[in-house]
Amino acid sequence: MGSKAALTIRTVPKSAMQPLRDSLINWYHQWGRDLPWRQTLDPYAIWISEIMLQQTQVKTVIPYYQQWLKTFPTVQMLAVADQQQVLKLWQGLGYYARARNLHRAAQIIAEEWGGQFPDRLNAVLQLPGIGKTTAGGILSAAFNQSVPILDGNVKRVLARLTALSVPPKRALSELWQVSEQMLDLKHPRLFNQALMDLGATVCLPKQPSCERCPWSEYCQAYLLNLQSKLPMSEPRSPLPHKQIGVAVIWNDQNQVLIDKRPQKGLLGGLWEFPGGKVEAGESIPDCIQREIKEELGIEINVGDHLITVDHAYTHFKVTLTVHHCRHLDGEPKPLECDEVRWVSLSEIETYPFPSANQQIIDALHQQAL
DNA sequence: CACCCGTGGTG
DNA sequence: TCACCAAGGGT
């Protein structure tokens, strides 16, 4: 019962290795992408790009990358920055642990490596936020070292090349072997970049352009006409949907109350408007009043509806129903968060907020006009 | 190893 | 509206 398909993989013949490398690098010279982080050999800049590109599309990354290097041009500048400034610069990119780890790693590099990004695989892998794929990306791009990579693009290309019979997640060690065997030891930088570009521009998830692919005559998926079926994907369960009541609490100085989320967990280190989950049979105003008492230990009066925000995270969806509230009594205490603060509408822009909360801020500005 | 961790674009 | 997707790593 529940038996899964056996793992089969059509390994690349030895005789095909060099022709595959040569044709890919030739293709890259004509069709490879000209990206900002390919105009430098500075390992710091390349590191920043690799972290930003984790689970994030090139088009989204480019403006963040430019702004980041303008603000923090060196490891040292990043190491001495405030975490809040780092998170503010990262605001909107998501997966905020990447920014926290980047900041921590910069401090480690400053202390242990004299501010020079290390060039040895073992040292690089020790840094927080850097796994095998990112380490290979940095070392091959910055130092032209022969270290393989296995990101989403490469997984897809290699799964098709070998007609892998299971989802890539189920065959990671096999795919790493293929990536390592295929790697062109004479041109590791070019080869790894070419492999990623092939996945990003030709070997697309849907409707791959096999007629433009330098590898089609060796591609087992193409030869078996399975290119649109591969790689195999895992079924996903539907996302739970949570109803959240949120408070914009005003005091007599025309300030609003915000709180900083704990470092660990969802949106760690970012600020937000306080609130919480609506319980069964509970009204939104009752929920807001209860949550604010529990989280901040204060009494409020729940007033007009401000905005409703729908947002999807990786593992669940939320509907934020936001109300204006009036502070009545008690000093706000950080009972379930790191910090609480009263801020004016003009100061609020300097704090890092998650996207769903940014919509609330936009609505406040809109309403103030 | 299964689960957690964001966001914006797309059909 | 919704499912799926995009240069993964930490626990």
Side-chain angles (χ1 to χ4, degrees), chain A residues 4 32-33 35-38 46-65 87 90-102 104-105 124-141 147-158 167-173 175-176 179 192-201 203-208 231-241 261-270 272 309-319 352-359:
Chain A
K4 292 169 183 168
R33 293 173 295 178
L35 301 170
W37 41 89
R38 289 180 181 171
I46 291 168
W47 168 42
I48 300 302
S49 75
E50 291 287 339
I51 301 300
M52 287 185 171
L53 287 162
Q54 290 171 0
Q55 301 294 105
T56 310
Q57 300 187 107
V58 165
K59 197 173 79 177
T60 306
V61 165
I62 288 176
Y64 283 90
Y65 172 82
L87 287 173
W90 199 270
Q91 177 176 319
L93 255 191
Y95 287 133
Y96 297 92
R98 295 184 292 174
R100 300 195 301 272
N101 287 333
L102 216 36
R104 272 206 298 146
V124 174
L125 284 172
Q126 300 279 0
L127 297 170
I130 301 185
K132 286 179 65 181
T133 286
T134 301
I138 297 170
L139 290 175
S140 61
V147 187
I149 57 173
L150 190 63
D151 57 22
N153 286 317
V154 177
K155 282 176 191 166
R156 185 172 57 257
V157 171
L158 297 184
K169 184 178 292 188
R170 304 283 163 206
L172 289 182
S173 70
L175 289 170
W176 272 110
S179 180
N192 279 346
Q193 291 175 346
L195 199 48
M196 287 188 284
D197 279 20
L198 188 67
T201 65
C203 195
L204 304 168
K206 299 172 183 175
Q207 292 183 297
M232 301 283 289
S233 61
E234 307 259 32
R236 300 181 186 182
S237 48
L239 305 178
H241 193 150
R261 297 177 60 93
Q263 288 289 127
K264 301 221 174 212
L266 186 70
L267 306 167
L270 275 70
E272 66 177 3
V309 178
D310 283 304
H311 193 77
Y313 294 98
T314 312
H315 288 286
F316 61 94
K317 302 173 189 176
V318 291
T319 298
F353 279 86
S355 287
N357 271 253
Q358 187 60 48
Q359 292 185 53

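Quick note on labels: first sequence line is chain A, next is B, and so on, each numbered from 1. Small disclaimer: the values here were computed from a predicted structure and weren't measured.
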Given B:dC5, C:dA6, B:dG6, identify the nucleotide with an atom nearest to the side chain of A:N153. C:dA6
Side chain of A:R170 (C-beta onward), nearest among B:dC5, B:dT7, B:dA2: B:dA2
Compare side-chain N and O positions of A:S355 against OP1 and OP2 of B:dG8 and report whether any pair is under 4.0 Å apart. yes
A:T134 side chain, from C-beta outward: closest of B:dT7, C:dG9, B:dG9: C:dG9
At 4.0 Å (heavy atoms only), tell me whether A:P238 reaches a base, stays on the sugar-phosphate, or touches nothing. nothing
Would you please confirm or rule out a distance under 4.0 Å between OP1 or OP2 of C:dG10 and any side-chain N or O of A:R100? no
Among the candidates B:dG6, C:dA6, C:dA7, find the nucleotide nearest to the side-chain atoms of A:L35. C:dA7
Starting the side chain at C-beta, find the nucleotide from C:dA7, B:dG9, B:dG6 nearest to A:R98. B:dG6
What is the separation between atom OH on A:Y96 and atom C1' on B:dT7, rounded to the nearest whole Å? 7 Å
CG of A:L102 versus P of C:dG10: gap in Å, rounded? 12 Å
Among C:dG8, B:dC5, C:dA7, the one nearest A:T314 by side-chain distance: B:dC5
Side-chain N or O of A:Y95 closer than 4.0 Å to phosphate OP1/OP2 of C:dA6: no
Counting side-chain heavy atoms from CB outward, which of C:dA7, C:dC4, B:dT7 is closest to A:L267? B:dT7
A:W90 side chain reached by A:R98 side chain, heavy atoms, under 4.5 Å: yes
DNA chain B contacts made by residues 124-131 of chain A, counting heavy atoms under 4.0 Å: none
Given the side-chain rings of A:H315 and A:Y313, with only the six-membered ring counted for Trp, is the space between their centroids under 6.0 Å? no
Quiz item: A:T56 side-chain donor-acceptor pair to B:dG8 base, under 3.5 Å: no
Scan A:G92 against the nucleic acid and name what it touches under 4.0 Å (heavy atoms): base, sugar-phosphate only, or nothing. sugar-phosphate
Nearest-angstrom distance from the residue atom CG of A:N357 to P of B:dG6: 13 Å
When the distance from CG of A:L93 to P of C:dA6 is rounded to whole Å, what number comes out? 18 Å
One pair to check against side-chain hydrogen bond (donor to acceptor under 3.5 Å, both in side chains): A:T133 and A:D151. What are the steps and the verdict? CA-CA 6 Å; A:T133 286; A:D151 57 22; over 6 Å; no
A:K317 has an atom NZ; how far is it from atom P of C:dC4, in whole Å? 10 Å
Here the distance between atom C1' of B:dG9 and atom NZ of A:K206, to the nearest Å, is 11 Å
OP1 or OP2 of B:dT7 sitting under 4.0 Å from any side-chain N/O of A:H311? yes
Atom CD of residue position A:Q207 - does it have more than 12 heavy atoms of other residues, nucleotides or ligands inside 6.0 Å? no
Interatomic distance at C1', B:dG6 relative to C:dC5, whole Å: 13 Å
Checking A:Y64 now: which residues fulfil ring pair (Phe, Tyr, Trp, His ring centres under 6.0 Å) with it, not counting sequence neighbours? none
First encountered from the 5' end of DNA chain C, between A:D151 and A:R104: A:D151
Judged by nearest nucleotide, the residue sitting upstream toward the 5' end of DNA chain B, A:F353 or A:K169, is A:K169
Could you tell me which nucleotide pairs with C:dT11 by Watson-Crick or G-U wobble geometry, both distances under 3.5 Å, or answer none if nothing does? B:dA2
Can you measure A:I62 atom CD1 to C:dA6 atom P for me and round it to whole angstrom units? 17 Å
Atom-pair distance (NE2 on A:H315; C1' on B:dG6), nearest Å: 10 Å
Let's test your reading of the model: under 3.5 Å, does the base of C:dA7 pair with the side chain of A:R33 as donor and acceptor? yes
Go through C:dA6, B:dG6, C:dA7 for me and flag the one nearest to the A:Q57 side chain. C:dA6
Check whether any side-chain heavy atom of A:S179 lies under 4.5 Å from a side-chain heavy atom of A:L158, and answer yes or no. yes
What is the distance from atom CG of A:L102 to atom CE of A:M52, rounded to the nearest 0.5 Å? 7.5 Å
Quick one: is A:Q55 getting a side-chain N or O under 4.0 Å of the C:dG8 phosphate, OP1 or OP2? yes
If you look at every strand shown and take non-hydrogen atoms under 4.0 Å, does A:W90 touch a base, only sugar-phosphate, or nothing? nothing
Which nucleotide wins on minimum distance to the side chain of A:R38, given the candidates B:dT7, C:dA7, C:dG9? C:dA7
Whole-Å P distance, C:dA7 and B:dA2: 23 Å
Once hydrogens and angles are ignored, does a donor-acceptor distance under 3.5 Å link the base of C:dG8 to the side chain of A:T133? no
Rounded distance in Å between the C1' positions of C:dG10 and B:dC1: 13 Å
Are the side chains of A:Q91 and A:Q358 in touch, meaning some heavy atoms are under 4.5 Å apart? yes
Indicate yes or no: at least one non-hydrogen side-chain atom of A:W37 is less than 4.5 angstrom from one of A:L53. yes
Between A:T319 and A:H241, does a side-chain hydrogen bond (donor to acceptor under 3.5 Å, both in side chains) hold up when you go through it step by step? CA-CA 8 Å; A:T319 298; A:H241 193 150; 2.8 Å; yes
